[in-house]
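Written out below as structure tokens is the structure these notes cover.
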2 protein chains.
Amino acid sequence: MGDKKDEVIVVGHRNPDTDAITAAMVYADFLRRMGVNAKAYRLGELNNETKFVLKTVDMEAPDMIPDNVPEGTQVALVDHNESQQSMENLKKMRVSHVVDHHKIGDLTTSEPVYLRFEPVGCTATILTKLFRENNLDMDQKTATLLLSAILSDTLHFQSPTTTDDDRKIGEYLQPIAKIDDLKSYVNKLFEAKSDLTGFSTHKVLFLDYKTFQFNNEQWGVGTGETCNVDKMLERKDEFLKEIDEEKKKHNLNGILFSIVDIINQKNLTIISGENEEKVAREAFQADVKDHIADFGSRVSRKKQIVPALEAYFNQKS
Amino acid sequence: MGDKKDEVIVVGHRNPDTDAITAAMVYADFLRRMGVNAKAYRLGELNNETKFVLKTVDMEAPDMIPDNVPEGTQVALVDHNESQQSMENLKKMRVSHVVDHHKIGDLTTSEPVYLRFEPVGCTATILTKLFRENNLDMDQKTATLLLSAILSDTLHFQSPTTTDDDRKIGEYLQPIAKIDDLKSYVNKLFEAKSDLTGFSTHKVLFLDYKTFQFNNEQWGVGTGETCNVDKMLERKDEFLKEIDEEKKKHNLNGILFSIVDIINQKNLTIISGENEEKVAREAFQADVKDHIADFGSRVSRKKQIVPALEAYFNQKS
């Protein structure tokens with residue numbers, strides 16, 4: 001990479017989900033078609049859902065990000081913008097593009113850049129708009145990547161993050177992706193998402209995990225989306241052990257790990273310590289029993305969990 | 001305003017120029033056409049160029065922002081994103097939209113928002129794209145507002161901030177604006193810009209002035225674009241006095257005030273003290289004589305002055 005000075009590195013967030021991986025692939029393709037020398041990389045292992053999607057379209061995953069990316073390298077961020085969710089040393093890179101659907105965190109640049117943020121359910125919805133606005137042909141594989149990401153992020157248009165734009169773009173993509181039976185495709189996606197065979201509890205905890213700064217506190221918030229809640233709950237003691245270790249290792253004020261039932265849209269959150277119990281009670285009005293707090297139908301970290309934490313820590317300060 | 005809880009306030013930056021004012025007007029119109037209850041306001045007095053443009057289209061300026069906008073009001077920012085360039089108490093408002101062509105400063109939000117940043121010469125270029133992407137009709141007045149902003153910000157496509165997109169959008173807007181003789185229109189714009197009759201030196205200093213944080217230092221950077229450099233230089237001693245007062249008043253590390261010759265694309269910058277002299281020498285390789293440093297063809301604050309300051313203070317830290 002050292003000699004390709006003008007190459008733009010395109011990355012989704014750490015602990016990548018389907019949206020993070022497919023968005024990096026599709027946006028790199030978009031940039032190349034706009035004349036930019038772009039290449040997608042990933043910041044972690046694929047989950048089984050993403051593997052299923054890539055197998056469906058018969059495409060390779062992006063390469064893992066190499067160590068020691070040179071300072072000053074041009075970087076395009078997709079599906080995230082906060083440095084702690086991104087590559088090492090992001091602050092020493094030159095961020096030139098961001099396409100995202102999250103709140104803005106600690107993003108700053110020294111020069112004007114391309115930013116495209118919309119409060120929609122999925123980065124893929126925004127990427128589809130970019131293709132349409134620029135009159136680019138979309139092939140079946142690209143449409144399948146994008147539609148899979150939308151179905152995954154919006155839990156088949158059931159998550160409260162879902163917007164009309166996601167639904168409309170989903171309808172636009174479906175015939176191009178040639179997925180006739182959407183329900184059956186979603187079932188396969190969700191089963192793949194729930195398939196944790198061969199995954200250690202440590203890995204499950206970090207499959208969809210992000211850290212956030214709330215005022216002066218550092219918190220980790222993880223989500224385990226599954227069709228089989230009981231199977232996840234069997235690992236409760238192991239989760240508690242992993243969570244305690246992670247808190248110590250990174251000096252975190254707390255970690256919330258939510259087991260999300262993607263069929264019934266319910267959230268049971270694992271509560272490992274006193275800080276988390278206080279937050280469960282005061283920010284979510286949820287009692288804790290046997291290290292579990294019932295967060296009800298709050299299935300979206302972005303739309304429900306993180307804003308509640310942010311509001312809570314802001315009024316405390 | 002207190003009872004219009006869902007009204008989105010649309011504002012350009014303080015010390016507004018033509019782009020800041022017209023962008024607020026046009027984006028408020030765009031949002032209304034997208035079903036959002038939006039109203040444009042301004043954060044300061046109009047300059048003579050903007051007055052000329054509004055007279056051309058026979059439109060009123062946006063109202064001055066009222067005092068005491070309630071906390072939590074929804075705000076759309078155009079042509080800026082840094083809180084110190086924006087309305088009072090921005091950090092207590094709910095920023096929901098930003099359309100801008102500057103670097104990202106201290107912008108953070110607690111929820112996902114609409115952001116549209118492109119590294120082009122003018123906010124109006126991005127706004128024109130928004131109209132086209134959403135298939136909105138554009139009338140002659142709107143096209144005139146947008147084209148005037150582009151001509152003003154890019155100094156008739158001569159500034160180094162000018163991109164191909166600005167030129168293409170300019171060509172698209174010209175027939176809709178029905179401005180047949182562009183050169184003659186630009187001359188009138190530039191004459192209006194240069195007309196400082198009745199403007200105190202204090203006002204001239206702040207007509208196009210922004211403050212920036214570079215590491216731990218606070219700097220003010222002002223620009224006086226003119227067809228008549230000598231006339232501006234006659235006020236040098238008054239500028240020096242005003243600059244000294246402003247530095248004391250706001251505890252600034254320095255102020256650079258650039259007199260920009262918009263016909264010949266040259267920059268003579270007023271240097272009031274030791275800090276500024278050091279910066280002129282070390283960041284711009286410019287000698288100082290009689291309180292004036294020749295910054296050569298660096299006519300763009302955004303593309304040339306601020307990045308040079310940022311690079312300089314970053315390597316110092």
Side-chain angles (χ1 to χ4, degrees), chain A residues 34-35 71-72 77 79-82 91-92 94-123 126 129-130 132-135 161 163-165 212-215 300 302-304 306-315, chain B residues 34-35 72 77 79-82 91-92 94-123 125-126 129-130 132-135 161 163-165 212-215 300 302-304 306-315:
Chain A
M34 303 304 281
E71 287 185 15
L77 306 178
D79 197 28
H80 75 297
N81 69 85
E82 305 197 31
K91 294 278 180 194
K92 293 185 176 160
R94 211 149 54 84
V95 173
S96 56
H97 302 71
V98 188
V99 180
D100 194 10
H101 63 129
H102 296 90
K103 74 192 183 74
I104 316 160
D106 60 345
L107 185 65
T108 60
T109 65
S110 57
E111 280 175 63
V113 297
Y114 285 94
L115 294 192
R116 180 73 176 250
F117 283 57
E118 295 190 21
V120 292
C122 183
T123 310
I126 309 170
K129 290 187 186 188
L130 285 176
R132 293 177 73 176
E133 287 161 12
N134 289 279
N135 297 313
T161 56
T163 66
D164 281 346
D165 278 5
F212 296 89
Q213 177 143 358
F214 302 114
N215 279 318
S300 166
K302 190 177 76 168
K303 196 95 177 177
Q304 297 169 312
V306 169
L309 290 169
E310 193 135 58
Y312 172 71
F313 286 108
N314 275 345
Q315 56 88 0
Chain B
M34 302 305 282
L77 307 177
D79 196 29
H80 75 297
N81 70 86
E82 305 197 33
K91 294 279 180 194
K92 292 184 177 163
R94 211 147 55 81
V95 174
S96 56
H97 302 70
V98 189
V99 181
D100 194 10
H101 64 131
H102 296 90
K103 74 191 185 76
I104 315 160
D106 60 345
L107 184 66
T108 60
T109 65
S110 57
E111 281 175 63
V113 296
Y114 285 93
L115 293 193
R116 181 72 176 252
F117 284 56
E118 295 190 22
V120 292
C122 184
T123 310
T125 299
I126 309 170
K129 290 187 185 190
L130 285 176
R132 294 177 72 175
E133 287 161 12
N134 290 279
N135 298 314
T161 57
T163 65
D164 282 346
D165 280 3
F212 297 88
Q213 177 143 1
F214 302 114
N215 280 317
S300 167
K302 189 178 76 166
K303 198 95 178 177
Q304 297 170 312
V306 169
L309 290 169
E310 194 136 59
Y312 171 71
F313 286 108
N314 277 343
Q315 56 88 359

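Just so we're on the same page: letters track the sequence lines, and every chain starts at 1.
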- Query: A/Pro119 and B/Pro112: which non-hydrogen atoms are nearest, and at how many Å?
  - Reply: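 Shortest heavy-atom separation between A/Pro119 and B/Pro112 comes out as CB-O, 3.7 Å.
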- Message: Using every non-hydrogen atom in the two residues, find where A/Thr108 and B/Gly105 come nearest and quote the distance to one decimal.
- Response: CG2-O, 2.9 Å
- For A/Lys92, does the NZ atom sit with more than 12 other heavy atoms under 6.0 Å from it, leaving out its own atoms? no
- Answer with side chain, backbone, both or neither: which region of A/Glu310 has an atom nearer than 4.5 Å to a non-hydrogen atom of chain B? side chain
With rounding to the nearest 0.5 angstrom, report the [atom1] to [atom2] distance, [X] to [Y].
X: A/Leu115; Y: B/Leu115; atom1: CG; atom2: CG; answer: 6.0 Å
X: B/Arg116; Y: A/Tyr114; atom1: CZ; atom2: OH; answer: 10.0 Å
X: A/Asn134; Y: B/Lys129; atom1: CG; atom2: NZ; answer: 7.5 Å

- Query: Do you know which of B/His97, B/Lys303, B/His102 has the most heavy-atom pairs with chain A at a distance under 4.5 angstrom?
  - Reply: B/His102
- Query: Do the side chain of B/Thr109 and the main chain of A/Lys103 share a donor and acceptor less than 3.5 angstrom apart?
  - Reply: no
